[in-house]
Asks: 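The structure under discussion is supplied below as structure tokens; questions concerning it will follow.
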There are 2 protein chains.
Amino acid sequence: MANDPFKALAHPIRRGVIERLAQGPATVREATSAFDVSKPTLSKHLRVLEEAGLITRVIDGREHRLALAVEPLREAGTWIDEQRGRWEGLFDAVESYLENRA
Amino acid sequence: MANDPFKALAHPIRRGVIERLAQGPATVREATSAFDVSKPTLSKHLRVLEEAGLITRVIDGREHRLALAVEPLREAGTWIDEQRGRWEGLFDAVESYLENRA
DNA sequence: TAGAATGTTAGCCAAATGGCTAATGATCCG
DNA sequence: CGGATCATTAGCCATTTGGCTAACATTCTA
């Protein structure tokens with residue numbers, strides 16, 4: 001459990017759902033109406049997001065209320081920032097390495 | 001061309017290569033020696049990273065010098081930050097929605 | 001020049017991914 | 001009750017992904 005969040009972000013529809021949920025919680029229908037694929041397909045995408053821990057689900061009657069879970073998103077963002085930060089800390093070394101290693 | 005960077009980050013080996021390159025440019029061997037898979041497999045992973053624009057390659061004799069290309073990484077990081085930022089801007093609305101919608 | 005080193009291509013294969021339809025479950029409402 | 005609504009499961013299929021071995025191309029070096 002708590003599957004790879006990067007893998008979950010790999011599909012455009014799933015990123016679209018995240019974008020929708022970032023503007024506020026929503027039901028499945030509200031969160032997915034923008035995408036032109038079948039309901040079962042969307043259901044699968046939601047499952048992937050849920051298993052990655054990126055969204056939470058509360059069942060309320062016949063509706064499922066989805067909400068963004070920021071923590072895994074934060075971790076993913078942090079990972080990216082770290083890599084970028086390290087890289088940008090050694091810009092001197094880079095060009096010389098690429099052009100002509102001593 | 002300039003394929004989906006998130007998709008490229010979806011595999012742990014590819015993220016590992018990014019981590020290695022964030023510490024400085026490296027040859028293929030240097031960048032991949034930590035991973036216990038065959039050379040052709042690694043070669044494929046590098047191709048994915050390159051097509052996503054996440055790394056650059058300069059061929060120098062028999063060695064290929066790899067370097068991180070920060071720009072797509074920055075864009076991915078920015079996307080995540082934006083979603084998180086929006087979400088965190090409406091924490092009041094969230095709980096009421098989840099618990100009891102008016 | 002022969003062999004070692006670096007890396008890629010070609011081709012194969014099993015498993016995962018992403019789509020679909022049909023059917024099901026559960027709930028709301030007239 | 002009975003139909004409409006919201007959403008999922010089950011099962012199918014084509015494509016993609018990620019791994020492998022074998023073979024090749026290039027370059028360095030003893």
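Here the structure is a predicted model, which means the values were calculated and not measured. Proteins come first, then strands; the chains are lettered A, B, ... in the order of their sequence lines, and each starts at number 1. Worth knowing before you read on, the calculation uses all heavy atoms, side chains too, and leaves out hydrogens, waters and symmetry mates.
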Asks: Distance-only criterion, 3.5 Å: show the donor-acceptor pairs between side-chain atoms of residues 36-43 of chain A and protein atoms not counting sequence neighbours.
Replies:
from	atom 1	to	atom 2	distance (Å)
A/Ser38	OG	A/Thr41	N	3.4
A/Ser38	OG	A/Thr41	OG1	3.0

Asks: Roughly, in whole Å, what's the span from CG in B/Leu42 to P in D/dG18?
Replies: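 B/Leu42 atom CG is separated from D/dG18 atom P by 13 Å.
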Asks: Enumerate, atom names and distances included, each donor-acceptor pair closer than 3.5 Å involving a side-chain atom of residues 66-76 of chain A, sequence neighbours excluded.
Replies:
from	atom 1	to	atom 2	distance (Å)
A/Glu71	OE1	A/Arg74	NE	3.2
A/Arg74	NH2	B/Glu88	OE2	3.2

Asks: Could you list, one pair per line, each protein nitrogen or oxygen that sits under 3.5 Å from a nitrogen or oxygen of nucleotides 14-17 of chain D, together with the distance?
Replies:
from	atom 1	to	atom 2	distance (Å)
D/dT17	OP1	B/Lys7	NZ	3.1

Asks: Under 3.5 Å, which N/O atoms of the protein pair with N/O atoms of nucleotides 21-24 of chain C?
Replies:
none

Asks: Does B/Arg62 place a side-chain N or O at less than 4.0 Å from the phosphate oxygens OP1/OP2 of C/dG7?
Replies: no
Asks: How close or far is atom C1' of C/dT8 from atom CD of B/Glu63, stated in whole angstroms?
Replies: 15 Å
Asks: Return the value, rounded to whole Å, for the distance between atom CD of A/Glu50 and atom P of D/dT9.
Replies: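 Roughly 10 Å, once rounded to whole Å.
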Asks: Might you point out which heavy atoms bring B/Leu21 and B/Ala31 nearest each other, and give the distance in Å?
Replies: CD2-CB, 4.2 Å
Asks: Going by side-chain hydrogen bond (donor to acceptor under 3.5 Å, both in side chains), name the residues that satisfy it together with A/Glu19, two or more places apart in sequence or in a different chain.
Replies: B/Trp79
Asks: B/His11: which residues meet the side-chain hydrogen bond (donor to acceptor under 3.5 Å, both in side chains) condition with it, sequence neighbours left out?
Replies: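 Result, side-chain hydrogen bond (donor to acceptor under 3.5 Å, both in side chains) vs B/His11: none returned.
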Asks: Test of understanding: with side-chain hydrogen bond (donor to acceptor under 3.5 Å, both in side chains), list the residues that count as partners of B/Arg29, not counting sequence neighbours.
Replies: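 Testing B/Arg29 for side-chain hydrogen bond (donor to acceptor under 3.5 Å, both in side chains), a comparison that skips the adjacent residues, returns none.
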Asks: Round to a whole Å and report the spacing from CG of B/Asp36 to C1' of D/dG18.
Replies: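 Spelled out: CG on B/Asp36 to C1' on D/dG18 is 15 Å.
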Asks: Please enumerate all residues that pass salt bridge (Lys or Arg N to Asp or Glu O under 4.0 Å) together with A/Arg62, with sequence neighbours excluded.
Replies: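 Counting only residues at least two positions away or on another chain, A/Arg62 forms no salt bridge (Lys or Arg N to Asp or Glu O under 4.0 Å).
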Asks: Please state how far atom CZ in A/Arg29 lies from atom C1' in D/dT8, giving the value in whole angstrom units.
Replies: 16 Å
Asks: Can you check the B/Leu46 CG to C/dG7 C1' distance for me, whole Å?
Replies: 10 Å
Asks: Pick the closest DNA chain C nucleotide for A/Gly61 and for A/Val48 by heavy atoms, then say which residue is nearer the 5' end.
Replies: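 Going by which nucleotide is closer to the 5' end, it is A/Val48.
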Asks: Starting the side chain at C-beta, find the nucleotide from C/dT9, C/dA4, D/dT8 nearest to A/Arg57.
Replies: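 Per side-chain heavy atoms of A/Arg57, the pick is D/dT8.
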Asks: Under 4.0 Å from OP1 or OP2 of C/dG19: is there any side-chain N or O of A/His45 that close?
Replies: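 So the side-chain polar atoms of A/His45 do come within 4.0 Å of the phosphate oxygens OP1 or OP2 of C/dG19, strictly under.
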Asks: For A/Arg20, give me all partners under salt bridge (Lys or Arg N to Asp or Glu O under 4.0 Å), at least two apart in sequence or on another chain.
Replies: none
Asks: Could you tell me which residues satisfy salt bridge (Lys or Arg N to Asp or Glu O under 4.0 Å) with A/Arg86, sequence neighbours excluded, listed by chain and number?
Replies: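 With neighbours one apart ignored, the set is empty.
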Asks: Which nucleotide in the list D/dG18, C/dC20, C/dT8 gets nearest to the side chain of A/Val37?
Replies: C/dC20
Asks: Going by the rule side-chain hydrogen bond (donor to acceptor under 3.5 Å, both in side chains), which residues pair with B/Arg15 if we only count those two or more places apart in sequence or in a different chain?
Replies: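 Applying side-chain hydrogen bond (donor to acceptor under 3.5 Å, both in side chains) to B/Arg15 gives A/Asp4.
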Asks: Between B/Glu30 (side chain only) and B/Thr27 (backbone N and O only), is there a donor and an acceptor less than 3.5 Å apart?
Replies: yes
Asks: Rounding to an integer number of Å, can you tell me how far B/Lys44 NZ sits from D/dT21 C1'?
Replies: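 Rounded to the whole Å, the gap is 12 Å.
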Asks: Between A/Arg14 (side chain) and A/Lys7 (backbone), is there a donor-acceptor pair under 3.5 Å?
Replies: yes
Asks: So if I take the C1' atoms of five pairs at each end of the helix from C/dT1-D/dA30 to C/dG30-D/dC1 and get each local axis, what angle do the two axes make, rounded to 10 degrees?
Replies: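 End-to-end axis angle for the helix from C/dT1-D/dA30 to C/dG30-D/dC1: 10°, rounded to 10°.
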Asks: Measure from CG on B/Leu9 to P on D/dG18 and round the result to the nearest Å.
Replies: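 From B/Leu9 CG to D/dG18 P: 12 Å.
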Asks: Check whether any side-chain nitrogen or oxygen of A/His64 sits under 4.0 Å from OP1 or OP2 of D/dT8, and answer yes or no.
Replies: yes
